[in-house]
Amino acid sequence: MAWLLFMDESGHDHRQMPYEVRGGFALAEHKLWPLLQDAGSLELECFGARLVDYGSEIKGSKLLKKDRFKHAAQDEPLDPESRRHLCRGYLQAGLDRRSPKRDQFTAYGQASLAMADGIFDLLERHGARVFASAVPRGAANPPPGTTPLEILRKDHTFLLERFFYFLEMERQCGILVMDEVEEKYDRRFVRKLEQYFTKTAKGLQRAKWIVPSPFFVSSSMALPVQMADVVIYALNWGYRRPGEMDAPDRPEIAARYGRRINSLKWRGDGYDGVKTYRSFGIVCVPDLYEAREPRR
(Lines give C-alpha, C1' and ligand atoms only; values in the text may rest on other atoms or scores of the structure.)
Protein backbone atom coordinates (compact mmCIF):
# COMPACT_ATOMS: atom_id res chain seq x y z
CA MET A 1 0.00 0.00 0.00
CA ALA A 2 1.12 3.57 -0.64
CA TRP A 3 0.03 6.96 0.64
CA LEU A 4 -0.64 9.81 -1.78
CA LEU A 5 0.06 13.35 -0.56
CA PHE A 6 -2.15 15.72 -2.59
CA MET A 7 -0.63 19.20 -2.42
CA ASP A 8 -1.38 22.76 -3.42
CA GLU A 9 -0.23 26.26 -2.51
CA SER A 10 -1.95 29.18 -0.79
CA GLY A 11 -0.81 32.76 -0.36
CA HIS A 12 2.19 32.60 -2.68
CA ASP A 13 1.19 35.88 -4.33
CA HIS A 14 2.10 37.58 -1.01
CA ARG A 15 -0.91 39.89 -1.19
CA GLN A 16 -3.74 39.26 1.25
CA MET A 17 -3.23 35.81 2.75
CA PRO A 18 -1.53 35.82 6.18
CA TYR A 19 0.77 32.89 5.37
CA GLU A 20 2.48 31.25 2.44
CA VAL A 21 1.31 27.65 2.79
CA ARG A 22 2.29 24.52 0.91
CA GLY A 23 0.62 21.22 1.75
CA GLY A 24 -2.56 19.22 1.64
CA PHE A 25 -3.68 15.81 2.77
CA ALA A 26 -2.33 12.28 2.61
CA LEU A 27 -4.64 9.42 1.71
CA ALA A 28 -4.11 5.67 1.50
CA GLU A 29 -4.17 4.67 -2.18
CA HIS A 30 -6.92 2.07 -1.73
CA LYS A 31 -9.22 4.82 -0.41
CA LEU A 32 -8.74 7.15 -3.37
CA TRP A 33 -11.51 5.80 -5.60
CA PRO A 34 -14.10 5.69 -2.77
CA LEU A 35 -13.15 9.27 -1.89
CA LEU A 36 -13.54 10.40 -5.51
CA GLN A 37 -16.94 8.75 -5.78
CA ASP A 38 -18.11 10.38 -2.55
CA ALA A 39 -16.72 13.78 -3.55
CA GLY A 40 -18.46 13.64 -6.94
CA SER A 41 -21.76 12.79 -5.24
CA LEU A 42 -21.22 15.59 -2.73
CA GLU A 43 -20.71 18.14 -5.51
CA LEU A 44 -23.97 17.14 -7.20
CA GLU A 45 -25.78 17.09 -3.87
CA CYS A 46 -24.62 20.62 -3.02
CA PHE A 47 -24.78 22.42 -6.39
CA GLY A 48 -26.97 20.19 -8.54
CA ALA A 49 -24.27 20.22 -11.23
CA ARG A 50 -20.57 19.71 -11.91
CA LEU A 51 -18.83 23.04 -11.56
CA VAL A 52 -16.42 22.16 -14.36
CA ASP A 53 -19.39 22.16 -16.78
CA TYR A 54 -19.79 25.85 -16.01
CA GLY A 55 -16.12 26.78 -16.27
CA SER A 56 -15.46 26.69 -12.53
CA GLU A 57 -13.83 24.37 -10.02
CA ILE A 58 -13.68 23.67 -6.31
CA LYS A 59 -11.29 26.15 -4.68
CA GLY A 60 -11.00 27.49 -1.18
CA SER A 61 -10.88 31.08 -2.39
CA LYS A 62 -14.23 30.54 -4.13
CA LEU A 63 -16.09 28.39 -1.61
CA LEU A 64 -14.94 30.34 1.46
CA LYS A 65 -14.74 33.94 0.24
CA LYS A 66 -16.37 36.46 2.56
CA ASP A 67 -19.34 37.02 0.25
CA ARG A 68 -20.24 33.31 0.43
CA PHE A 69 -20.74 33.56 4.18
CA LYS A 70 -22.73 36.80 3.81
CA HIS A 71 -24.97 35.42 1.07
CA ALA A 72 -25.51 32.10 2.86
CA ALA A 73 -26.75 33.91 5.96
CA GLN A 74 -29.10 36.37 4.25
CA ASP A 75 -32.00 33.86 4.32
CA GLU A 76 -33.02 30.70 6.17
CA PRO A 77 -31.41 27.43 4.96
CA LEU A 78 -33.01 26.28 1.72
CA ASP A 79 -34.26 22.76 1.23
CA PRO A 80 -31.76 20.74 -0.85
CA GLU A 81 -33.86 20.52 -4.01
CA SER A 82 -34.57 24.26 -4.10
CA ARG A 83 -30.94 25.01 -3.39
CA ARG A 84 -29.76 22.85 -6.29
CA HIS A 85 -32.27 24.40 -8.68
CA LEU A 86 -31.24 27.93 -7.71
CA CYS A 87 -27.53 27.03 -7.90
CA ARG A 88 -27.92 25.89 -11.49
CA GLY A 89 -29.56 29.25 -12.22
CA TYR A 90 -26.65 31.04 -10.56
CA LEU A 91 -24.09 29.11 -12.63
CA GLN A 92 -26.01 29.61 -15.86
CA ALA A 93 -26.25 33.33 -15.18
CA GLY A 94 -22.47 33.39 -14.98
CA LEU A 95 -22.20 31.73 -18.39
CA ASP A 96 -24.74 34.17 -19.83
CA ARG A 97 -22.99 37.12 -18.18
CA ARG A 98 -26.10 38.04 -16.26
CA SER A 99 -26.27 39.08 -12.64
CA PRO A 100 -27.82 36.29 -10.52
CA LYS A 101 -30.92 36.97 -8.44
CA ARG A 102 -30.86 37.38 -4.69
CA ASP A 103 -32.17 33.90 -3.94
CA GLN A 104 -29.60 32.43 -6.34
CA PHE A 105 -26.80 34.17 -4.44
CA THR A 106 -28.24 32.74 -1.23
CA ALA A 107 -28.39 29.23 -2.65
CA TYR A 108 -24.86 29.35 -4.03
CA GLY A 109 -23.48 30.66 -0.74
CA GLN A 110 -25.17 27.88 1.22
CA ALA A 111 -24.06 25.27 -1.30
CA SER A 112 -20.44 26.50 -1.18
CA LEU A 113 -20.27 26.19 2.60
CA ALA A 114 -21.99 22.80 2.46
CA MET A 115 -19.36 21.65 -0.05
CA ALA A 116 -16.50 22.81 2.15
CA ASP A 117 -18.07 21.17 5.20
CA GLY A 118 -18.59 17.98 3.22
CA ILE A 119 -14.95 17.89 2.11
CA PHE A 120 -13.82 17.84 5.72
CA ASP A 121 -16.42 15.17 6.49
CA LEU A 122 -15.03 12.99 3.69
CA LEU A 123 -11.41 13.46 4.74
CA GLU A 124 -12.29 12.40 8.27
CA ARG A 125 -14.33 9.44 7.06
CA HIS A 126 -11.58 8.17 4.75
CA GLY A 127 -8.77 8.53 7.27
CA ALA A 128 -6.84 11.39 5.63
CA ARG A 129 -3.98 13.18 7.39
CA VAL A 130 -3.11 16.85 6.90
CA PHE A 131 0.48 17.97 6.29
CA ALA A 132 1.44 21.58 5.64
CA SER A 133 4.17 24.16 6.15
CA ALA A 134 3.35 27.83 6.74
CA VAL A 135 5.64 30.83 6.28
CA PRO A 136 4.44 34.25 7.54
CA ARG A 137 3.70 36.67 4.74
CA GLY A 138 6.90 38.49 3.78
CA ALA A 139 9.24 36.07 5.54
CA ALA A 140 9.92 34.18 2.30
CA ASN A 141 11.66 37.20 0.79
CA PRO A 142 15.47 36.83 1.01
CA PRO A 143 17.18 39.37 3.30
CA PRO A 144 18.91 42.29 1.53
CA GLY A 145 22.16 41.27 -0.08
CA THR A 146 21.26 37.62 -0.45
CA THR A 147 20.13 35.68 -3.49
CA PRO A 148 17.11 33.36 -3.65
CA LEU A 149 17.82 29.86 -2.38
CA GLU A 150 19.00 27.41 -5.00
CA ILE A 151 18.31 24.51 -2.65
CA LEU A 152 15.05 23.16 -1.29
CA ARG A 153 13.64 25.67 1.15
CA LYS A 154 13.47 24.92 4.86
CA ASP A 155 9.66 24.93 4.93
CA HIS A 156 9.59 22.31 2.18
CA THR A 157 12.14 20.09 3.93
CA PHE A 158 10.18 20.33 7.18
CA LEU A 159 7.02 19.30 5.34
CA LEU A 160 8.80 16.30 3.81
CA GLU A 161 10.29 15.50 7.20
CA ARG A 162 6.83 15.20 8.78
CA PHE A 163 5.53 13.11 5.89
CA PHE A 164 8.60 10.85 6.21
CA TYR A 165 8.01 10.31 9.94
CA PHE A 166 4.42 9.33 9.19
CA LEU A 167 5.40 6.92 6.40
CA GLU A 168 8.15 5.39 8.51
CA MET A 169 5.61 4.69 11.23
CA GLU A 170 3.16 3.21 8.71
CA ARG A 171 5.96 1.28 6.91
CA GLN A 172 4.52 2.44 3.57
CA CYS A 173 5.89 4.49 0.68
CA GLY A 174 4.60 7.95 -0.15
CA ILE A 175 3.94 9.67 -3.48
CA LEU A 176 3.73 13.45 -3.94
CA VAL A 177 0.90 14.67 -6.19
CA MET A 178 1.16 18.39 -6.87
CA ASP A 179 -0.79 21.08 -8.67
CA GLU A 180 1.09 22.18 -11.76
CA VAL A 181 1.83 25.90 -11.94
CA GLU A 182 4.17 26.89 -14.77
CA GLU A 183 6.51 24.43 -16.43
CA LYS A 184 9.56 26.61 -15.72
CA TYR A 185 8.64 26.93 -12.04
CA ASP A 186 7.79 23.24 -11.70
CA ARG A 187 11.06 22.13 -13.35
CA ARG A 188 13.05 24.33 -10.98
CA PHE A 189 11.25 22.82 -8.00
CA VAL A 190 11.85 19.27 -9.28
CA ARG A 191 15.57 19.99 -9.63
CA LYS A 192 15.70 21.16 -6.03
CA LEU A 193 13.82 18.05 -4.93
CA GLU A 194 16.22 15.81 -6.83
CA GLN A 195 19.23 17.52 -5.27
CA TYR A 196 17.67 17.15 -1.82
CA PHE A 197 16.88 13.44 -2.22
CA THR A 198 20.15 12.48 -3.92
CA LYS A 199 22.79 14.83 -2.46
CA THR A 200 21.86 15.43 1.18
CA ALA A 201 22.09 12.96 4.04
CA LYS A 202 18.54 13.57 5.23
CA GLY A 203 17.17 13.46 1.71
CA LEU A 204 18.84 10.13 1.03
CA GLN A 205 17.38 8.78 4.25
CA ARG A 206 13.87 10.03 3.46
CA ALA A 207 13.95 8.64 -0.08
CA LYS A 208 13.57 5.25 1.61
CA TRP A 209 9.87 6.00 2.04
CA ILE A 210 9.13 9.05 -0.17
CA VAL A 211 9.28 8.59 -3.94
CA PRO A 212 11.68 11.41 -4.96
CA SER A 213 9.87 12.24 -8.21
CA PRO A 214 6.52 14.03 -7.77
CA PHE A 215 3.54 13.81 -10.10
CA PHE A 216 2.18 17.12 -11.43
CA VAL A 217 -1.48 17.36 -12.37
CA SER A 218 -3.83 20.11 -13.48
CA SER A 219 -6.04 21.03 -10.54
CA SER A 220 -9.00 21.57 -12.89
CA MET A 221 -8.83 17.87 -13.76
CA ALA A 222 -7.83 16.48 -10.35
CA LEU A 223 -10.54 16.63 -7.70
CA PRO A 224 -8.25 15.59 -4.79
CA VAL A 225 -5.93 18.53 -5.50
CA GLN A 226 -8.96 20.84 -5.51
CA MET A 227 -9.92 19.40 -2.12
CA ALA A 228 -6.36 20.03 -0.90
CA ASP A 229 -6.75 23.64 -2.02
CA VAL A 230 -9.83 24.01 0.19
CA VAL A 231 -8.00 22.52 3.17
CA ILE A 232 -4.95 24.77 2.98
CA TYR A 233 -7.04 27.88 2.26
CA ALA A 234 -9.04 27.14 5.42
CA LEU A 235 -5.76 26.45 7.24
CA ASN A 236 -4.29 29.76 6.08
CA TRP A 237 -7.21 31.77 7.44
CA GLY A 238 -8.55 29.57 10.21
CA TYR A 239 -5.87 27.44 11.91
CA ARG A 240 -3.47 28.89 14.45
CA ARG A 241 -0.97 26.87 16.46
CA PRO A 242 -0.52 28.63 19.83
CA GLY A 243 2.91 30.16 20.29
CA GLU A 244 3.84 29.80 16.61
CA MET A 245 1.12 31.28 14.42
CA ASP A 246 -0.23 34.67 15.51
CA ALA A 247 -1.33 36.30 12.25
CA PRO A 248 -4.92 37.61 12.19
CA ASP A 249 -7.47 35.03 11.12
CA ARG A 250 -10.96 35.19 9.67
CA PRO A 251 -13.19 34.34 12.63
CA GLU A 252 -15.89 32.72 10.52
CA ILE A 253 -13.36 30.27 9.03
CA ALA A 254 -11.53 29.69 12.32
CA ALA A 255 -14.77 28.86 14.12
CA ARG A 256 -15.94 26.51 11.41
CA TYR A 257 -12.73 24.69 10.41
CA GLY A 258 -9.96 25.41 12.92
CA ARG A 259 -10.73 22.42 15.16
CA ARG A 260 -11.38 20.15 12.19
CA ILE A 261 -7.95 20.90 10.73
CA ASN A 262 -6.39 20.35 14.14
CA SER A 263 -8.04 16.92 14.39
CA LEU A 264 -6.89 15.94 10.87
CA LYS A 265 -3.26 17.00 11.24
CA TRP A 266 -0.80 14.17 11.76
CA ARG A 267 0.64 13.63 15.22
CA GLY A 268 3.57 11.35 15.88
CA ASP A 269 7.21 11.07 16.86
CA GLY A 270 10.25 12.54 15.15
CA TYR A 271 13.92 11.76 15.67
CA ASP A 272 16.80 14.23 15.26
CA GLY A 273 19.65 11.75 15.66
CA VAL A 274 19.89 12.49 19.38
CA LYS A 275 16.46 11.94 20.83
CA THR A 276 12.83 11.31 19.97
CA TYR A 277 10.40 14.22 20.17
CA ARG A 278 6.73 14.92 19.52
CA SER A 279 6.06 16.07 15.95
CA PHE A 280 3.07 17.43 14.06
CA GLY A 281 1.95 17.52 10.44
CA ILE A 282 1.56 21.32 10.40
CA VAL A 283 4.68 23.41 10.96
CA CYS A 284 5.26 27.16 10.92
CA VAL A 285 8.65 28.31 9.58
CA PRO A 286 9.32 32.02 10.21
CA ASP A 287 13.12 31.63 9.92
CA LEU A 288 13.73 30.43 6.37
CA TYR A 289 17.19 32.00 6.16
CA GLU A 290 18.47 31.27 9.67
CA ALA A 291 20.09 28.15 11.06
CA ARG A 292 18.26 26.41 13.90
CA GLU A 293 19.92 25.04 16.98
CA PRO A 294 19.71 21.24 17.24
CA ARG A 295 17.23 19.84 19.72
CA ARG A 296 18.57 19.01 23.16
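The shown structure was predicted, so the numbers you read here are calculated from the model rather than taken from an experiment.
Residues Leu4 and Val211 fall within the same hydrophobic cluster, defined by Ile, Leu, Val, Met, Phe, Trp and Tyr side chains chained together at heavy-atom separations under 4.5 Å. Following chains of ILVMFWY side-chain contacts shorter than 4.5 Å, one can reach Leu122 starting from Ile58, so the two form part of one hydrophobic cluster. Transitive grouping of hydrophobic side chains (ILVMFWY, heavy atoms separated by less than 4.5 Å) brings Trp33 and Leu35 into a common cluster. Leu91 and Leu44 fall into different hydrophobic clusters, where Ile, Leu, Val, Met, Phe, Trp and Tyr residues are linked whenever their side-chain heavy atoms come under 4.5 Å apart, directly or through other members. Two different hydrophobic clusters hold Phe280 and Val231 under the rule that ILVMFWY side chains link at heavy-atom gaps under 4.5 Å.
The distance from atom NZ of Lys265 to atom CD1 of Ile282, rounded to the nearest 0.5 Å, is 5.5 Å. Here Phe131 contributes atom CZ and Phe163 contributes atom CZ; the two are 6.5 Å apart, rounded to the nearest 0.5 Å. Taking OG1 of Thr106 as the reference point, atom NZ of Lys101 lies at 13.0 Å (rounded to 0.5 Å). Atom CG of Leu123 and atom NZ of Lys31 lie 11.5 Å apart (nearest 0.5 Å). One finds the CD atom of Glu20 at 9.5 Å from the OG atom of Ser10 (value rounded to the nearest 0.5 Å). Interatomic distance, OG of Ser112 versus CG of Leu51, reported as 8.0 Å (0.5 Å rounding).
Here the side chain of Arg250 pairs a donor or acceptor atom with the backbone of Leu64 at under 3.5 angstrom. Proximity of a side-chain donor or acceptor of Glu180 to a complementary backbone N or O of Asp186 within less than 3.5 Å is not detected. No donor-acceptor distance shorter than 3.5 angstrom exists from the side chain of Gln172 to the backbone of Trp3, with no hydrogens or angles considered. Lys154 places a side-chain N or O within 3.5 Å of a backbone atom of Asp287 that can act as its donor or acceptor partner. The main-chain N or O of Gln16 is found under 3.5 Å from a side-chain atom of Arg137 such that the two form a donor-acceptor pair. In this structure, Asp229 contributes its side chain and Gly60 its backbone to a donor-acceptor pair below 3.5 Å. The main-chain N or O of Ala107 is never found under 3.5 Å from a side-chain atom of Arg83 such that the two would form a donor-acceptor pair. Formation of a donor-acceptor pair under 3.5 Å by the Tyr19 side chain with backbone atoms of Ala247 is found in this model. One N or O on the side chain of Arg240 and one on the backbone of Pro248 form a donor-acceptor pair closer than 3.5 Å. Between the side chain of Gln110 and the backbone N or O of Glu76 there is at least one donor-acceptor pair closer than 3.5 Å.
The aromatic rings of Tyr257 and Phe120 lie parallel to each other, their planes meeting at an angle below 30°, with 60° marking the opposite boundary.
Pairing each heavy atom of Asp249 with each of Ala254, the nearest pair is OD2-CB, 3.6 Å. Closest approach of Ala132 to Leu235, counting heavy atoms only: CB-CD1, 3.8 Å. In terms of heavy atoms, Gly281 sits closest to Arg162 at CA-CG, 4.0 Å. Of all heavy-atom pairs between Trp209 and Leu167, the closest is O-CD1, 3.6 Å. The shortest non-hydrogen separation linking Leu42 to Ala114 is CD1-O, 4.5 Å. Taking all atoms of both residues into account, the shortest heavy-atom contact from Tyr165 to Ser279 is CD1-OG, 4.0 Å.
Not counting sequence neighbours, Arg188 has no partner by the salt bridge (charged side-chain N to carboxylate O under 4.0 Å, His left out) test. The side-chain contact (heavy atoms from CB on, under 4.5 Å) test applied to Asp53 returns Arg50, not counting sequence neighbours. With sequence neighbours excluded, the residues satisfying salt bridge (charged side-chain N to carboxylate O under 4.0 Å, His left out) with Glu81 are Arg84. Shown here are the salt bridge (charged side-chain N to carboxylate O under 4.0 Å, His left out) partners of Arg256, two or more places apart in sequence or in another chain: Asp117. Remark: Tyr108 pairs with Phe47, Tyr90 by the ring-ring contact (aromatic ring centres under 6.0 Å, His included) rule, at least two apart or across chains.
Atom CZ of Arg241 has more than 12 neighbouring heavy atoms from other residues, nucleotides or ligands inside a 6.0 Å radius. Other residues, nucleotides and ligands place more than 12 heavy atoms under 6.0 Å from the CD atom of Gln37. Residue-environment remark: CE (Met1) exceeds the threshold of 12 foreign heavy atoms within 6.0 Å. Counting non-hydrogen atoms of other residues, nucleotides and ligands closer than 6.0 Å to CZ of Arg187 gives a total of 12 or fewer.
Between Phe189 and His156, the distance from one ring center to the other falls under 6.0 angstrom.
Within the 4.5 Å cutoff, side-chain heavy atoms of Pro224 are placed close to those of Leu32. You'll find the side chain of Thr157 stays beyond 4.5 Å of the side chain of Lys202, heavy atoms only. Ile232 has its side chain out of reach of Met7: every pair of non-hydrogen atoms, C-beta onward, lies at least 4.5 Å apart. Annotation: side chain of Leu86 is in contact with side chain of Gln104 (closest heavy-atom distance under 4.5 Å). Residues Arg278 and Asp269 are in side-chain contact: their nearest non-hydrogen atoms beyond the backbone lie under 4.5 Å apart. Residues Leu264 and Phe25 fail the side-chain proximity criterion, which asks for heavy atoms closer than 4.5 Å. Within the 4.5 Å cutoff, the side chain of Leu63 has no heavy atoms near those of the Arg68 side chain. Using a 4.5 Å heavy-atom threshold, the side chains of Thr200 and Leu152 count as separate.
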**OP:** May I have the step-by-step check of side chain to side chain contact (heavy atoms under 4.5 Å, CB included) for Phe69 and Ile253, ending in yes or no?
**Re:** CA-CA 9 Å; Phe69 285 87; Ile253 292 181; 4.0 Å; yes
**OP:** Given salt bridge (Lys or Arg N to Asp or Glu O under 4.0 Å), test Arg153 with Asp155 step by step and report yes or no.
**Re:** CA-CA 6 Å; Arg153 277 181 11 182; Asp155 55 325; 2.8 Å; yes
**OP:** Could you give me the CA-CA distance, side-chain angles and deciding distance for Gln205 and Phe164, then say whether side chain to side chain contact (heavy atoms under 4.5 Å, CB included) is met?
**Re:** CA-CA 9 Å; Gln205 176 193 18; Phe164 168 77; 4.1 Å; yes
Subject >> From CA spacing to verdict: side chain to side chain contact (heavy atoms under 4.5 Å, CB included), Leu27, His126 >> reply: CA-CA 8 Å; Leu27 187 75; His126 291 282; 4.0 Å; yes
**OP:** Show your reasoning for whether salt bridge (Lys or Arg N to Asp or Glu O under 4.0 Å) applies to Lys208 and Glu168.
**Re:** CA-CA 9 Å; Lys208 177 180 179 180; Glu168 187 177 43; 5.9 Å; no
Subject >> side chain to side chain contact (heavy atoms under 4.5 Å, CB included) evaluation trace for Arg267 with Asn262 >> reply: CA-CA 10 Å; Arg267 294 169 171 81; Asn262 189 57; 3.1 Å; yes
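Grouping Ile, Leu, Val, Met, Phe, Trp and Tyr residues whose side-chain heavy atoms lie under 4.5 Å apart, directly or via other members, places Val181 in a hydrophobic cluster with Tyr185.
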